[in-house]
Amino acid sequence: MSAPDVPGSKETPAPELKPLSLSAIHHRLFRAYGPQHWWPADSPFEVMVGAILTQNTNWRNVEAAIASLQAAGMLDGSRIASCDEARLGELIRTSGFFNQKAVSLKAFCRFYLDHGGAAGLKRLDDPRRALLALNGIGPETADSMLLYALGMPVFVIDAYTKRIFARLGLTRPEASYHQLQEFFEEHLPMDAGLFNEYHALIVEHAKQHCRVKPLCAECPLLDRCPTGQTSA
DNA sequence: GGCCAGGTGTAAA
DNA sequence: TTTACACATGGC
């Protein structure tokens, strides 16, 4: 038996609430929030550092950590790779989980240098698998690096994506990372530029409206959202 | 003062 | 295979 097309077809929305297609949702979000110009970083390396630092952490805290690395002249692969862990932890302290992240970041930088930087990573047979083999890099971090640093067409799933599309009735709240990723990649053209913008718009939408406590009033998707219809 | 933030790894059930 | 928990800072 093949998996259902939509990993959330258990509770179908009310018939008069025809779900929007993923493309239609993208279009609406783009109209609402405009171009996002992601990832906010100056180089592929900085994107990858940010991807590690932002794990379960507010981006604002990450910006401060990156600024601190920058100010110390440490925003550099070989300097991080050879930096004392305690010192590195202090530099990235504001990003939270700084002891773990210091270890992960050092390991990643060694890996990055060993493989010849971003261009070298992109030439690997299976860069995703290589990244996932590193301690401290899971699917979201790896995919963020692939998409936003290496420009590869990989759809990034995060907590916001789960929340928004479950509320829209398109996916199940308990769907796995892999299931959600498959859903997006099967229903959209495999276009890195599109994936880039779409994920960035998802983040913006989650921050502005689809929060844990949703602000449905001005939501650009409200008329097609079963959750918003019932909770408003 | 509690909740939330662009997760991941480990260990117990 | 699933679930629980540790990891930590800072803004609202």
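Every chain is numbered from 1 and lettered A, B, ... according to where its sequence line falls, protein lines coming before strand lines.
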Enquirer: For a quick check of understanding: with a heavy-atom distance under 4.0 Å over all strands, which category does A:Gln100 fall into, base, sugar-phosphate or nothing?
Expert: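 Base, at least one base heavy atom under 4.0 Å.
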Enquirer: Of the nucleotides C:dA8, B:dT8, B:dA5, which one has an atom closest to the side chain of A:Pro139?
Expert: B:dT8
Enquirer: With heavy atoms under 4.0 Å as the rule, sort A:Phe97 into base, sugar-phosphate or nothing.
Expert: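 The answer is base, as A:Phe97 lies within the cut-off (heavy atoms under 4.0 Å) of a base atom.
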Enquirer: Look at A:Thr141 and B:dT8 and indicate whether a side-chain polar atom (N or O) is within less than 4.0 Å of OP1 or OP2.
Expert: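 Checking A:Thr141 against B:dT8: at least one side-chain N or O falls below 4.0 Å of OP1 or OP2.
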Enquirer: Can you measure A:Gln55 atom CD to B:dG9 atom P for me and round it to whole angstrom units?
Expert: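 Rounded to the whole Å, the gap is 8 Å.
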Enquirer: Identify, between A:Asn135 and A:Val203, the residue whose nearest nucleotide on DNA chain B lies closer to the 5' end.
Expert: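 Counting from the 5' end, the first nearest nucleotide belongs to A:Val203.
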Enquirer: Measure CD1/A:Ile66 against P/C:dT9 and give the value in whole Å, please.
Expert: 18 Å
Enquirer: Does the side chain of A:Lys207 come within less than 4.5 Å of A:Arg211's, by heavy atoms?
Expert: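 Counting from C-beta outward, A:Arg211 and A:Lys207 never come under 4.5 Å.
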Enquirer: In whole Å, what is the span from the CH2 atom of A:Trp59 to the C1' atom of B:dG7?
Expert: 14 Å
Enquirer: Might you point out which heavy atoms bring A:Glu197 and A:Pro35 nearest each other, and give the distance in Å?
Expert: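 Closest heavy-atom pair between A:Glu197 and A:Pro35: OE2-CA, 3.3 Å.
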Enquirer: Whole angstrom is fine here: how far is it from CD1 in A:Ile52 over to P in C:dT9?
Expert: 19 Å
Enquirer: Considering just the side-chain nitrogens and oxygens of A:Arg163, establish if one lies under 4.0 Å of OP1 or OP2 belonging to B:dA5.
Expert: yes
Enquirer: Between C:dA8 and A:Asn99, is there an OP1 or OP2 to side-chain N/O distance shorter than 4.0 Å?
Expert: yes
Enquirer: Any side-chain heavy-atom pair from A:Val156 and A:Gln181 closer than 4.5 angstrom?
Expert: no
Enquirer: May I have the distance from A:Asn56 (atom CG) to C:dG10 (atom P), rounded to whole angstrom?
Expert: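 After rounding, the reported distance stands at 15 Å.
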Enquirer: Could you give the distance from OG (A:Ser144) to CD (A:Gln55), rounded to the nearest 0.5 Å?
Expert: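 Rounded to the nearest 0.5 Å, the OG-CD separation comes out at 9.0 Å.
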Enquirer: State whether A:Arg93 places a side-chain N or O below 4.0 Å from either non-bridging phosphate oxygen (OP1 or OP2) of C:dT9.
Expert: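 Checking C:dT9 against A:Arg93, a side-chain N or O does come within under 4.0 Å of OP1 or OP2.
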Enquirer: What does A:Ile202 touch in the nucleic acid at a heavy-atom separation under 4.0 angstrom: a base, only the sugar-phosphate, or nothing?
Expert: nothing
Enquirer: Select one nucleotide: of B:dA5, C:dG11, C:dT9, the one nearest the side-chain heavy atoms of A:Thr94.
Expert: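 From the listed options, C:dT9 comes nearest.
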Enquirer: With a 4.0 Å cut-off on heavy atoms, is A:Ala159 in touch with a base, just the backbone sugar-phosphate, or nothing at all?
Expert: sugar-phosphate
Enquirer: Can you check the A:Phe98 CZ to B:dG7 C1' distance for me, whole Å?
Expert: 17 Å
Enquirer: Rounded to whole Å, how long is the line connecting atom NZ of A:Lys207 with atom P of C:dG11?
Expert: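 About 14 Å, once rounded to whole Å.
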Enquirer: Could you check how far CG of A:Leu88 sits from P of C:dT9, rounded to whole Å?
Expert: 15 Å
Enquirer: Of all the heavy-atom pairs spanning A:Lys106 and A:Ile80, show the shortest one and how long it is.
Expert: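 That closest heavy-atom pairing would be CG-O, 3.5 Å.
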Enquirer: A:Thr141 and A:Asp143: side chain to side chain donor-acceptor pair (under 3.5 Å), yes or no, with the steps?
Expert: CA-CA 6 Å; A:Thr141 306; A:Asp143 288 341; over 6 Å; no
Enquirer: Between A:Leu134 and A:Ala51, just flag the one whose closest nucleotide in DNA chain B comes earlier from the 5' side.
Expert: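 Taking each residue's closest nucleotide, the earlier one in sequence belongs to A:Ala51.
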Enquirer: What contact category does A:Lys101 fall into here, base, sugar-phosphate, or nothing, at under 4.0 angstrom with non-hydrogen atoms?
Expert: nothing
